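As the structure is a prediction and not an experimental result, all values here were calculated from the model.
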Amino acid sequence: MDLLRAIEAFVKAADAGSMAAAARPLGISATQVGNRITALEERLHAKLLIRSTRRLDLTSFGRDYLERCREILYRFADAELLAEARQAEPRGHIRVTAPVIFGSEMLLPGLACYLGRYPEVSIDVDLTDTLVDIDAAGFDAAIRIGSPPSGDFVARPLAPYGLMICAAPSYLARRGAPLVPSDLAGHDCLLYGNPGAGSDGETWRLIGPDGPISIEVAGQLRAYGAQGLRRAAGAGIGIALLPDVIAKADVAAGLLCPVLEDYRPAHRPLNILFRRERHMSRVVRSLVDHVLDAHGLDRS
């Protein structure tokens, strides 16, 4: 039995509450996680977990043993970082999650320079607008839109996520352009879908000549994902609130036109998150520094 791997499986399962959730960041199956924990229990001659069909519970001994296992893993990681610190260049594998539009349009193109500079680094980038559990999924860093979550993560601000209200020339020719935000009540607005969203409208927060204003909008079409809304807007279905990074290209090409230009959509905060650790690994630090250099507040 590989004792360290068994201890790691036990800690992950205890934290995640299930074998399946523990298996994902370890890159193994739930059965393998269970086998490692069983082997550990046999070695200790004691039960660590009470298994049921719905969840895992720690035994009294398991709770005490868990804290010691955390310390073992922490000290092992600290020793690994000490060895890594002697390396001249970052090396290793990183897992990152980012929003779809920011990731595809800004993060990924910029990685060409980073990977060219650090040939011993490899990266997995998961592009999703779903707020995944960073720890349970085993990510080293995450880029998030909106206020950063509380917890054992450091949040470093990036340039805010800009938005633009726009519509296709065909839609504006057919329906006319709204002149003030209240005019949106008479227009078909394209709504951003999310899991569990109903058929109600949504609120657009704008900043106008007299300050912030919130407008309730509605429309016939709701789509999950900004690229889908972009295509729908380009087809003349309605007015869309789109990320600057994709809307500006379509405006320049004449496919979309900005509307309500005196009422700027409120920018949304954007942060890169990483674990709060005494020693951040050199490879994670190198990626965080790259993202801050390329997309930090001083680039806004």
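- The salt bridge (Lys or Arg N to Asp or Glu O under 4.0 Å) check on Glu8 picks up nothing, with sequence neighbours excluded.
- The minimum heavy-atom distance between Ala240 and Ala233, with the atom names listed, is CB-CB, 3.8 Å.
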message: Test salt bridge (charged side-chain N to carboxylate O under 4.0 Å, His left out) on Arg63 and Glu67; report intermediate values, then the result.
response: CA-CA 7 Å; Arg63 283 192 293 272; Glu67 294 310 310; over 6 Å; no
- prompt: Could you walk me through whether Tyr161 and Ile101 pass the side-chain contact (heavy atoms from CB on, under 4.5 Å) check?
  reply: CA-CA 10 Å; Tyr161 197 68; Ile101 296 299; 3.3 Å; yes
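- Minimum heavy-atom separation, Val33 to Ala13: CG1-CB, 4.4 Å.
- In the hydrophobic clustering of this structure, Leu44 groups with Val11; members are Ile, Leu, Val, Met, Phe, Trp, Tyr whose side-chain heavy atoms approach within less than 4.5 Å, directly or through other members.
- No side-chain donor-acceptor contact under 3.5 Å links Glu105 to the backbone of Val245.
- The two atoms that bring Leu260 and Pro181 nearest to each other are CD2-N, 3.9 Å, heavy atoms only.
- Interatomic distance, CD1 of Ile272 versus CG of Leu287, reported as 5.5 Å (0.5 Å rounding).
- Residues Leu58 and Leu48 fail the side-chain proximity criterion, which asks for heavy atoms closer than 4.5 Å.
- Using cut-offs of 30° and 60° for the angle between ring planes, the Tyr65 and Phe10 rings count as tilted.
- Judged by distance alone, with hydrogens and angles left aside, the side-chain atoms of Arg205 form no donor-acceptor pair with the main-chain N or O of His267 at under 3.5 Å.
- At a threshold of 4.5 Å between side-chain heavy atoms, the hydrophobic network of Ile, Leu, Val, Met, Phe, Trp and Tyr places Leu115 and Val96 in one connected group.
- One hydrophobic cluster, built from ILVMFWY side chains closer than 4.5 Å, holds both Leu4 and Leu26.
- Summarising the local packing, CZ of Arg95 is surrounded by more than 12 heavy atoms from other residues, nucleotides or ligands at distances under 6.0 Å.
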query: Is there a side-chain contact (heavy atoms from CB on, under 4.5 Å) between Leu73 and Ile7 once you walk through the steps?
result: CA-CA 8 Å; Leu73 293 178; Ile7 287 173; 4.1 Å; yes
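- Without hydrogens or angle criteria, Asp183 side chain to Val180 main chain gives a donor-acceptor distance under 3.5 Å.
- A heavy-atom distance below 4.5 Å is not found between the side chains of Arg91 and Val283.
- Distance alone, capped at 3.5 Å, places no donor-acceptor pair between the Arg231 side chain and the Gln227 backbone.
- For the pair Thr130 (side chain) and Val132 (backbone), a donor-acceptor distance under 3.5 Å is absent.
- Looking at Gln32 and Ser29, their side chains do bring a donor and an acceptor atom within 3.5 Å of each other.
- Applying the salt bridge (Lys or Arg N to Asp or Glu O under 4.0 Å) criterion to Asp129, with sequence neighbours excluded, gives no partner residue.
- Judged purely by distance below 3.5 Å, without hydrogens or angles, the side chains of His290 and Tyr118 never pair a donor atom with an acceptor atom.
- Crowding of Arg5 atom CZ: a count of heavy atoms from other residues, nucleotides or ligands under 6.0 Å not exceeding 12.
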task: Carefully, step by step, assess Met164 and Leu256 under the rule side-chain contact (heavy atoms from CB on, under 4.5 Å).
output: CA-CA 11 Å; Met164 178 186 296; Leu256 293 173; over 6 Å; no
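- A single hydrophobic cluster is seen to contain both Leu3 and Phe61, as judged by linkage of ILVMFWY side chains at heavy-atom distances under 4.5 Å, directly or through other members.
- In this structure, Gly234 and Ala168 approach most closely via the heavy-atom pair O-CB, 3.8 Å.
- A 4.5 Å side-chain heavy-atom check between Ile239 and Ile165 finds at least one atom pair inside the cut-off.
- To the nearest 0.5 Å, atom CG of residue Asp250 and atom SG of residue Cys257 are 10.5 Å apart.
- Annotation: side chain of Leu270 is not in contact with side chain of Pro160 (no heavy-atom distance under 4.5 Å).
- Looking at heavy atoms from C-beta onward, Arg51 lies in side-chain contact with Thr38 at the 4.5 angstrom threshold.
- Taking CG from Leu66 and CG from Asp15, the interatomic distance works out to 6.5 Å, rounded to the nearest 0.5 Å.
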query: What do the steps show when you test Lys248 against Leu242 for side-chain contact (heavy atoms from CB on, under 4.5 Å), and what is the final call?
result: CA-CA 9 Å; Lys248 286 180 176 178; Leu242 297 175; over 6 Å; no
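- In this structure, Leu158 CG and Ile143 CD1 are separated by 6.0 Å, a value rounded to the nearest 0.5 Å.
- Interatomic distance, Leu184 CG to Cys189 SG, rounded to the nearest 0.5 Å: 4.5 Å.
- With sequence neighbours excluded, the residues satisfying side-chain contact (heavy atoms from CB on, under 4.5 Å) with Leu108 are Leu111, Val125, Leu127.
- Hydrophobic clustering (side-chain heavy atoms under 4.5 Å, transitive across Ile, Leu, Val, Met, Phe, Trp, Tyr) keeps Leu255 apart from Val259.
- Checked by atom type and distance alone, the side chain of Thr97 pairs as donor or acceptor with a backbone atom of Asp126 at under 3.5 Å.
- Side chains of Ser286 and Tyr114: a donor on one and an acceptor on the other come within 3.5 Å.
- Salt-bridge check for Asp64 with Arg68: failed, with every basic side-chain N at 4.0 Å or more from each acidic carboxylate O.
- Nearest heavy atom pair, residue Glu202 against residue Tyr192, reads OE1-N, 3.1 Å.
- Counting only distance, with no hydrogens or angles, the side chain of Asn271 and the backbone of Leu273 share no donor-acceptor pair below 3.5 Å.
- Using a 4.5 Å cut-off on side-chain heavy atoms (C-beta onward), His187 and Val217 make no contact.
- Remark: the backbone N or O of Asp188 is paired with a side-chain donor or acceptor of Tyr171 at under 3.5 angstrom.
- Ile134 approaches Arg275 most closely through the heavy-atom pair O-NH2, 4.0 Å.
- Distance check, rounded to the nearest 0.5 Å: CD1 of Ile94 to CG of Asp124 gives 10.0 Å.
- Looking at Arg174, its side chain does come within 3.5 Å of a backbone N or O of Gly236 through a donor-acceptor pair.
- A side-chain donor-acceptor contact under 3.5 Å links Glu41 to the backbone of Leu49.
- Between Ile145 and Phe102 the shortest side-chain heavy-atom distance does not fall below 4.5 Å.
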